[in-house]
**Student:** 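Have a look at this one.
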2 protein chains.
Amino acid sequence: MQDALIHHIQKFVQLESHEIDVLESCLGLSQIKKKEHVLQEGQICNTMYFVVKGCMRQYIINSKGTEQTLQFGIENWWITDYLSYHNHVPSHFYIQAVETTDVIAIEKSVLDSLLIQIPKLEKYFRIVAQKAFGAAQMRIKFLFTMSAEERYNHFKNLQPDFVQRVPQYMLASYLDFSAEFMSKIRAGKV
Amino acid sequence: MQDALIHHIQKFVQLESHEIDVLESCLGLSQIKKKEHVLQEGQICNTMYFVVKGCMRQYIINSKGTEQTLQFGIENWWITDYLSYHNHVPSHFYIQAVETTDVIAIEKSVLDSLLIQIPKLEKYFRIVAQKAFGAAQMRIKFLFTMSAEERYNHFKNLQPDFVQRVPQYMLASYLDFSAEFMSKIRAGKV
DNA sequence: TTAAAAACTTGAACTACTTCAAGAAATTCA
DNA sequence: TGAATTTCTTGAAGTAGTTCAAGTTTTTAA
């Protein structure tokens with residue numbers, strides 16, 4: 001089932017059949033069990049994860065000991081700590097499976113060699129990163145301009161299914177309010 | 001003075017001299033006057049801007065009519081709306097010169113042809129975008145975990161000169177608090 | 001299939017910030 | 001250079017959210 005990734009790549013660049021062969025020979029699927037971590041704070045991140053099926057998240061533990069989710073990664077998303085990955089510095093983040101998740105994990109050394117063998121992958125990863133950055137800017141815009149309730153409703157409109165899929169407290173922290181406040185929003189008590 | 005960009009590119013990939021010639025022939029410097037806009041909300045963004053000297057910012061106008069800065073771009077930074085750029089949709093943002101600024105403005109059509117002529121530029125833009133996304137994630141972490149005063153002090157430690165360089169109200173909105181509160185933080189009245 | 005663990009709810013007290021309004025200071029440019 | 005504009009300051013009142021603590025419901029796994 002590396003097909004999912006190859007299919008995603010082909011949305012942005014056209015692969016030759018020998019390039020597909022190379023990819024298929026290099027990429028393996030791994031299953032990450034629910035709550036299992038693929039990255040812990042303080043580790044150097046040298047792997048990128050492509051979510052084939054399931055859901056991963058990137059989070060931190062704040063000074064009060066509460067987890068705060070910074071990013072979810074669902075089907076067809078890449079998740080990694082790019083700063084740790086590029087600068088070889090310890091990560092500030094945890095990356096964990098929210099549900100049991102199938103990923104294609106690519107280590108930096110493997111990816112570097114793939115990028116040399118299949119140069120057009122550079123373009124694929126460029127576009128993916130530029131779009132992800134654009135999405136991060138929109139996220140900051142929403143955090144800046146919307147109230148907690150507006151952020152919840154906005155998210156629910158965009159991703160109605162996803163709201164059911166993760167624990168409320170994870171989504172609350174992703175939207176930058178407390179789990180208790182989420183409860184009150186949902187009950188209409190605000 | 002396209003040297004600044006060529007120098008920046010060479011931090012990530014090695015250019016041949018004929019590639020430098022191509023770049024020099026395609027890239028021109030423009031000067032954006034203080035307060036001049038290069039992008040307005042509702043326009044489709046089809047240009048990327050590399051700041052050679054000066055300072056640009058990306059901002060929105062919120063529902064109360066107040067400007068909120070989402071991003072500053074100083075020397076050696078790229079600034080654009082990647083979502084509008086890639087998806088050909090109207091931008092949510094304004095991009096404006098904070099001070100009179102020298103930029104290298106590259107239109108999408110020109111960049112697309114440069115990327116074909118000099119494929120290793122794909123790698124350069126990939127790395128730039130991945131690092132920018134990593135920085136955006138750190139930014140969200142700081143917004144989530146630090147108080148207003150901590151964000152101000154943190155920023156001042158990282159960028160001591162920059163704090164002097166832009167109006168306080170722009171920096172306040174970038175750090176997500178009001179201009180008045182910034183005043184009180186600086187006066188030690190909080 | 002049930003005990004333990006995880007997730008959710010509720011209300012009351014609190015607080016880190018915002019908003020408003022008005023004046024003072026600094027900067028701009030004709 | 002000086003009038004206009006922009007930026008910064010201050011205090012008082014208000015509020016959108018947090019925190020805490022305790023109980024309830026749901027999910028997990030042996």
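All values reported here derive from a predicted model rather than from experimental measurement. Labels below follow one simple rule: chain letters A, B, ... track the order of the sequence lines, proteins then strands, and each chain is numbered from 1.
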**Student:** Rounded to whole Å, please give me the gap between CZ in A/F181 and C1' in D/dC20.
**Tutor:** 16 Å
**Student:** For the pair made of CD in B/E99 and P in D/dT6, what is the distance, rounded to whole Å?
**Tutor:** 18 Å
**Student:** Taking OP1 and OP2 of C/dG11, is either one under 4.0 Å from a side-chain nitrogen or oxygen of A/K189?
**Tutor:** yes
**Student:** By nearest atom, which of the nucleotides C/dT10, D/dG17, D/dT9 is closest to the B/S183 side chain?
**Tutor:** D/dT9
**Student:** Strictly below 4.0 Å, N to O, side chains only: are B/E41 and A/K141 in salt-bridge contact?
**Tutor:** no
**Student:** Specify the separation, in whole Å, of atom NZ of A/K35 and atom P of C/dA6.
**Tutor:** 5 Å
**Student:** How many whole angstroms separate atom CD of B/E67 from atom P of D/dT6?
**Tutor:** 11 Å
**Student:** Would you mind telling me which of C/dT28, D/dT28, D/dT9 lies closest to the side-chain atoms of B/K34?
**Tutor:** C/dT28
**Student:** Counting C-beta onward and ignoring hydrogens, is there a side-chain heavy-atom pair between A/E150 and A/F142 closer than 4.5 Å?
**Tutor:** no
**Student:** Quick test of your reading: applying salt bridge (charged side-chain N to carboxylate O under 4.0 Å, His left out), list the pairs with at least one residue in residues 120-140 of chain B, sequence neighbours left out, ordered by first then second residue.
**Tutor:** A/E122-B/R126, A/R126-B/E122, B/E16-B/K120, B/E19-B/K120
**Student:** Can any side-chain N or O of A/Q10 pair as donor or acceptor with the backbone N or O of A/L15 at less than 3.5 Å?
**Tutor:** yes
**Student:** Over how many whole Å does the gap from B/I185 atom CD1 to C/dT18 atom C1' extend?
**Tutor:** 13 Å
**Student:** For B/C45, does its backbone N or O pair with a side-chain atom of B/S84 as donor and acceptor, under 3.5 Å?
**Tutor:** yes
**Student:** Measure the NZ-NE2 distance between A/K33 and A/H37 for me, rounded to the nearest 0.5 Å.
**Tutor:** 16.0 Å
**Student:** Counting only side-chain heavy atoms from C-beta out, which of C/dC20, C/dT18, D/dA21 sits nearest to B/E180?
**Tutor:** C/dC20
**Student:** Can you check the A/K184 NZ to D/dT18 C1' distance for me, whole Å?
**Tutor:** 9 Å
**Student:** Rounded to whole Å, please give me the gap between NZ in A/K64 and P in C/dT15.
**Tutor:** 12 Å
**Student:** Which residues in residues 137-176 of chain B have a heavy atom closer than 4.0 Å to any atom of DNA chain D?
**Tutor:** B/P167, B/Q168, B/Y169
**Student:** Once you round it to whole Å, what is the distance between P of D/dT28 and NZ of A/K33?
**Tutor:** 15 Å
**Student:** Counting only N and O atoms by type, is there a donor-acceptor contact under 3.5 Å from the side chain of B/T80 to the main-chain atoms of B/T47?
**Tutor:** yes
**Student:** In terms of the nearest nucleotide of DNA chain C, which residue is placed more toward the 5' end: B/S178 or A/R186?
**Tutor:** A/R186
